[in-house]
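Only a predicted model underlies this, so the values are computations on that prediction, with no experimental measurement involved. Convention: sequence-line order gives letters A, B, ...; per-chain numbering from 1.
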Amino acid sequence: MTDLSGRISIGDVGLSLLLVLVAVVVSRARKADLERDIVIATFRSFAQLLAVGFVLDYVFDGNAALTPVVLAVMVATATLTSGARGRRVPGAHGIALASVTAATAGTLGVLLALRIVPAVPRAAIPLGSMIISNAMNVASLVMTRLRDDLASHRREVEARLSLGQTAAEASQDWHRAALRSGTLPIIDQTKVVGLVALPGAMTGMLLAGASPTSAIRLQLVVMYMLLGGNAFAALVAGHLTVRRLFTPHHQLIRSLSRNA
Amino acid sequence: MRVDGDGGRAIVAGFSARIPADGLTAMVGPSGAGKTTLLRLLNRLDDADGGEVLFDGRDVRSYDVIALRKRVQYVGQEPVTFPGTVADNVNAGAGTDALLGRVGLDPALATRAADRLSVGEAQRMCLARALALNPECLLLDEPTSALDAGSKGGIEALVRSLADNGLTVVMVTHDRRQAEELADRMLVVPAGGADGDSAGGSRPASVQKRRYVRRSRTLDGDSAGGGGGGARS
């Protein structure tokens, strides 16, 4: 079996930069004005992954106790990113934190508790990172979608409120739409998995020399974990966002009721 | 009473008024005076930042907000239709036909999609939807501003008859003529309600009696469905 792991040298990485150069040339030729972003992205990816590589080497090499710290840093970064994205929702950072944490605890926790995956850094950290990055996107999507929908439909929301509906009732159509938009991407991915794209975990295992059937078993666990994690994230984000966009007295908050 | 706007400017400041529980009170004043905001305070779509709003002698904040809104119904400027049929919107079960008749709509419209109504029909449907909750008080925000002249007269007559049948109606209008012809009294909300006087200085709004009483009618404060509407800061 051909195993690619350990066969890629730093020189090989340098050679692959030629592909980035192609992108830069295309951008310049087409005046797409993306050269700067491409260069920044390339440098960032290099520096970030290099740093993460050293950290993971250290944690895997007899410092497993640091695993929760690594996961916490990931959750914190996801919280800052998603909180900034949803900043027009009051308390967006708190919502993002709750959403990402619930998704991680609710899925990775279950996988570890049921011993589906072993409680070792080599399993917990990559799986955790997948849940966290997915949950981050879902939380951002649900927060912004719900906020924008309620703002653009504020007359209907307020008409419902003034008829004596609760905040939950008055917002339920858009709440439902936001939950759907947050979870549909992963549902679609799960539907077409393997037919359109070989997903990341499976690709990684294949490249590392694993047999396709064992790669598939891991990929299935990953897909179901992400499905569950994204649903958790959407539920928590949706619930908390509704609570933040209405006062306890079933009024739209002023930033929504007065402006679009 | 005081309601703060964005950037520290007050939308309503130093305003005080008392609205009797009988008949139709027109709230008039220049745009930007805060008339809509005052209506929104009465069924708590918004809250005052200073002072108080009383309904039937009690601070509106002391009522259960859902129960208060059902007693004090608010119908906005442009009709808002919900998805579904007219019957779905009115949501009154077996009482739908009677309600549609009461607001001058053909009961045959009950099965029509609400978004297929004309603006005038939709406004009537919104009134039926509010009346379905059997409110004591109806707050109308420029109920005819989105309508053409033909539908306007119909809604005016309807609003008048609702008031004649014992409903307390408070209607915001920028149309002085409409207020004079239709209402039992006028509540003038002064310009510069946003005068920044947030110290709570009380500037009583003037309530003018209608000059021409269209028919003699006397209603005690509490006879309108057992409740009285009063807003005071």
Side-chain angles (χ1 to χ4, degrees), chain A residues 86-92 142 144-181 184 238-260, chain B residues 3-7 9 11 36-37 39-49 60-84 89-92 114-115 122-123 125-135 137-141 146:
Chain A
R87 66 188 175 281
R88 295 210 289 174
V89 176
V142 169
T144 51
R145 172 80 192 257
L146 195 44
R147 191 256 168 224
D148 291 348
D149 272 359
L150 290 183
S152 60
H153 293 94
R154 68 187 188 285
R155 292 192 319 121
E156 183 176 339
V157 175
E158 290 204 321
R160 290 181 178 278
L161 291 175
S162 61
L163 287 166
Q165 291 190 5
T166 63
E169 290 165 342
S171 60
Q172 68 179 359
D173 287 357
W174 299 286
H175 191 163
R176 190 182 303 126
L179 293 187
R180 288 178 60 86
S181 73
L184 272 177
H239 175 74
L240 294 179
T241 304
V242 167
R243 278 190 24 185
R244 286 299 200 138
L245 295 178
F246 290 89
T247 72
H249 308 296
H250 305 279
Q251 299 158 323
L252 269 179
I253 57 169
R254 282 181 174 174
S255 63
L256 281 192
S257 66
R258 289 181 180 172
N259 305 294
Chain B
V3 181
D4 294 334
D6 301 327
R9 265 175 67 82
I11 293 172
T36 296
T37 302
L39 280 196
R40 290 166 59 85
L41 298 180
L42 284 170
N43 83 339
R44 290 202 71 196
L45 281 178
D46 206 344
D47 279 328
D49 296 296
V60 288
R61 280 170 286 203
S62 70
Y63 293 91
D64 173 72
V65 62
I66 303 291
L68 175 78
R69 286 182 184 149
K70 288 179 176 172
R71 291 173 68 184
V72 183
Q73 274 292 301
Y74 171 86
V75 177
Q77 193 163 348
E78 286 163 41
V80 178
T81 59
F82 302 153
N89 270 260
V90 174
N91 195 23
D115 58 7
Q123 190 63 295
M125 183 197 75
C126 290
L127 287 168
R129 193 168 62 192
L131 294 174
L133 296 169
N134 205 15
C137 181
L138 194 57
L139 310 171
L140 303 174
D141 191 359

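- With a 6.0 Å radius and a threshold of 12 heavy atoms from other residues, nucleotides or ligands, A:Arg155 has its CZ atom above the threshold.
- Heavy-atom distances place no part of A:Thr247 under 4.5 Å from chain B, backbone and side chain included.
- Checking side-chain atoms of A:Gln251 against main-chain N and O of B:Arg44 turns up a donor-acceptor pair under 3.5 Å.
- B:Gln73 and A:Ser162 make their closest contact through NE2-O, 2.9 Å (heavy atoms, listed as atom of the first residue, atom of the second, distance).
- Between A:Glu169 and B:Ile66 there is no side-chain heavy-atom pair separated by less than 4.5 Å.
- Using a 4.5 Å heavy-atom threshold, the side chains of B:Arg69 and A:Leu163 count as separate.
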In sequence, state the C-alpha distance, the side-chain angles, and the governing distance for A:Arg254 and B:Val3, and then conclude on side-chain contact (heavy atoms from CB on, under 4.5 Å).
CA-CA 11 Å; A:Arg254 282 181 174 174; B:Val3 181; 3.7 Å; yes

Starting from the C-alpha separation in whole Å, work towards a yes-or-no answer on side-chain contact (heavy atoms from CB on, under 4.5 Å) for B:Phe82 and A:Asp173.
CA-CA 11 Å; B:Phe82 302 153; A:Asp173 287 357; over 6 Å; no

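- Taking chain A as the reference chain and counting heavy-atom pairs below 4.5 Å, the highest number among B:Gln77, B:Arg61, B:Arg40 is found for B:Arg40.
- Neither the backbone nor the side chain of B:Asp64 comes within contact range of chain A; no heavy atom of the residue lies under 4.5 Å from a heavy atom of that chain.
- Of the two parts of B:Asn91, neither the backbone nor the side chain holds a non-hydrogen atom closer than 4.5 Å to a non-hydrogen atom of chain A.
- For the set B:Thr81, B:Leu45, B:Asn43, the entry with the most heavy-atom pairs within less than 4.5 Å of chain A is B:Leu45.
- Both the backbone and the side chain of B:Arg129 come within less than 4.5 Å of a heavy atom in chain A.
- With a 4.5 Å cut-off on non-hydrogen atoms, B:Glu78 touches chain A through its backbone and its side chain both.
- When each of B:Val75, B:Val65, B:Asp47 is scored by its heavy-atom pairs under 4.5 Å with chain A, the top score falls to B:Asp47.
- Residues B:Asp46 and A:Arg258 form a side-chain contact, since some pair of their non-hydrogen atoms from C-beta on lies under 4.5 Å apart.
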